[in-house]
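Beneath this line is the structure, given in structure tokens, with notes to follow.
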Amino acid sequence: AVGWAGAAGSAADEDRVVLRDGSAVVIRPLAFGDEAAIGAWFEGLGPETRYARFLAGVNRLSDRTRSELARVDHRDREALTAVAADGAVVGIARYARLPGPGTAEVAVAVADRWRGRGIASLLLQRIAARARAEGIYCLTALCLRSNTAILRLLGRLGPMTTAPSGPGVVEVR
């Protein structure tokens with residue numbers, strides 16, 4: 001079990017998980033100093049995955065965006081990573097608390113060569129549990145209407161509603 005009682009990045013915060021294909025990753029909170037790992041993770045996302053995650057054609061992460069993605073306080077802004085045996089971050093799920101009580105925006109993406117192994121599902125389950133522990137009971141996400149895989153995963157977290165949010169985009173609650 002993941003126990004976030006210790007300092008972020010401590011061994012108590014790590015959970016080794018064997019994936020459906022027999023490979024393993026360690027799921028842990030994003031830690032101070034993971035900024036370079038975020039850049040490498042982004043490079044492992046193909047153009048379609050990048051578009052689905054950022055809802056825009058993003059070819060590179062600016063220093064500002066990478067820094068923003070790395071900024072977590074483990075309460076209002078949390079991020080969990082899936083780390084391969086070679087130390088590469090292969091998946092990231094995050095939430096950011098929104099104004100108003102108990103609501104946060106959530107996002108997840110997994111490097112293309114690691115997709116289909118259950119990482120996104122594991123990360124979403126764990127980030128939702130972290131959010132609940134911090135008093136967040138409603139997660140929102142902007143998703144491509146055509147991204148049925150993420151819509152299915154989000155639906156597994158609990159009751160879900162969707163509403164149009166722009167051309168080809170839905171807001172999931």
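- Closest non-hydrogen pair, Ser121 versus Leu153, comes out as CB-CD2, 3.7 Å.
- When side chains are defined from C-beta on, Leu151 counts as touching Cys143, because their heavy atoms get closer than 4.5 Å.
- Cluster membership check: Phe54 shares its hydrophobic cluster with Leu30, using side-chain heavy-atom separations under 4.5 Å among Ile, Leu, Val, Met, Phe, Trp and Tyr.
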* How far apart are the C-alpha atoms of Asp34 and Arg28, what are their side-chain angles, what is the distance that settles it, and do they pass the salt bridge (Lys or Arg N to Asp or Glu O under 4.0 Å) test? -> CA-CA 11 Å; Asp34 277 344; Arg28 65 165 176 80; 2.8 Å; yes
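- Interatomic distance, Leu69 CG to Leu61 CG, rounded to the nearest 0.5 Å: 6.0 Å.
- Rounded to the nearest 0.5 angstrom, Tyr95 OH and Thr103 OG1 are separated by 12.5 Å.
- Residues Ala79 and Ile92 approach most closely at CB-CG2, 4.4 Å, considering heavy atoms.
- Between the CH2 atom of Trp41 and the OG1 atom of Thr81 there is a distance of 11.0 Å, given to the nearest 0.5 Å.
- Geometrically, Arg60 does not engage Phe42 in a cation-pi contact defined by less than 6.0 Å to the ring centre and at most 45° from the axis.
- Both Met160 and Val108 sit in one connected hydrophobic cluster of ILVMFWY residues. Membership requires side-chain heavy atoms under 4.5 Å apart, directly or through other members.
- Judged purely by distance below 3.5 Å, without hydrogens or angles, the side chains of Ser23 and Arg117 pair a donor atom with an acceptor atom.
- In this structure, the side chain of Arg97 engages the main chain of Glu134 through a donor-acceptor pair within 3.5 Å.
- Here the side chains of Arg126 and Ile27 are in contact, with some heavy-atom distance below 4.5 Å.
- Under a cut-off of 6.0 angstrom, the local environment of CD in Glu43 is crowded, with over 12 non-hydrogen atoms contributed by other residues, nucleotides or ligands.
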* Begin with the C-alpha distance, continue with both residues' side-chain angles, and end with the deciding distance and a verdict on salt bridge (Lys or Arg N to Asp or Glu O under 4.0 Å) for Arg77 and Glu68. => CA-CA 10 Å; Arg77 294 176 59 92; Glu68 180 67 18; 3.1 Å; yes
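- Heavy-atom contacts from other residues, nucleotides or ligands closer than 6.0 Å to CZ of Arg115 number 12 or fewer.
- Using a 4.5 Å cut-off on side-chain heavy atoms (C-beta onward), Val26 and Val17 make no contact.
- The distance from atom OG of Ser165 to atom CG of Leu55, rounded to the nearest 0.5 Å, is 8.5 Å.
- Asn59 CG: 12 or fewer foreign heavy atoms inside a 6.0 Å radius.
- Checked by atom type and distance alone, the side chain of Asn147 never pairs as donor or acceptor with a backbone atom of Leu144 at under 3.5 Å.
- Scanning all heavy atoms of the two residues, the minimum distance from Ile119 to Val25 falls at CD1-CG1, 4.3 Å.
- Looking at every heavy atom in both residues, Tyr137 comes nearest to Pro101 through OH-O, 3.3 Å.
- Between Val106 and the choices Leu123, Thr140, Ile136, Leu154, the side-chain contact (heavy atoms from CB on, under 4.5 Å) rule is met once, by Leu154.
- Side-chain N or O atoms of Arg66 include none that pairs as donor or acceptor with a backbone N or O of Gly39 at under 3.5 Å.
- Atom CZ of Arg113 has 12 or fewer heavy atoms from other residues, nucleotides or ligands within 6.0 Å.
- Put simply, the side chain of Asp15 does not reach to within 4.5 Å of the side chain of Leu122, judged on heavy atoms.
- Separating the CZ atom in Arg152 from the OG1 atom in Thr148 is a distance of 5.0 Å, to the nearest 0.5 Å.
- Follow the hydrophobic side-chain contacts under 4.5 Å out from Val58 and you reach Val89 in the same cluster.
- Without hydrogens or angle criteria, Asp112 side chain to Leu45 main chain gives no donor-acceptor distance under 3.5 Å.
- The two residues Pro29 and Glu78 make their nearest non-hydrogen contact at CB-OE1, 4.3 Å.
- Rounding to the nearest 0.5 angstrom, the gap separating the CG atom in Leu139 from the CD1 atom in Ile127 is 9.0 Å.
- The hydrophobic cluster containing Val110 also contains Leu157, counting ILVMFWY residues as joined when their side-chain heavy atoms lie under 4.5 angstrom apart, directly or transitively.
- In terms of modelled atom types and a separation under 3.5 Å, the side chain of Arg130 and the main chain of His74 share a donor-acceptor contact.
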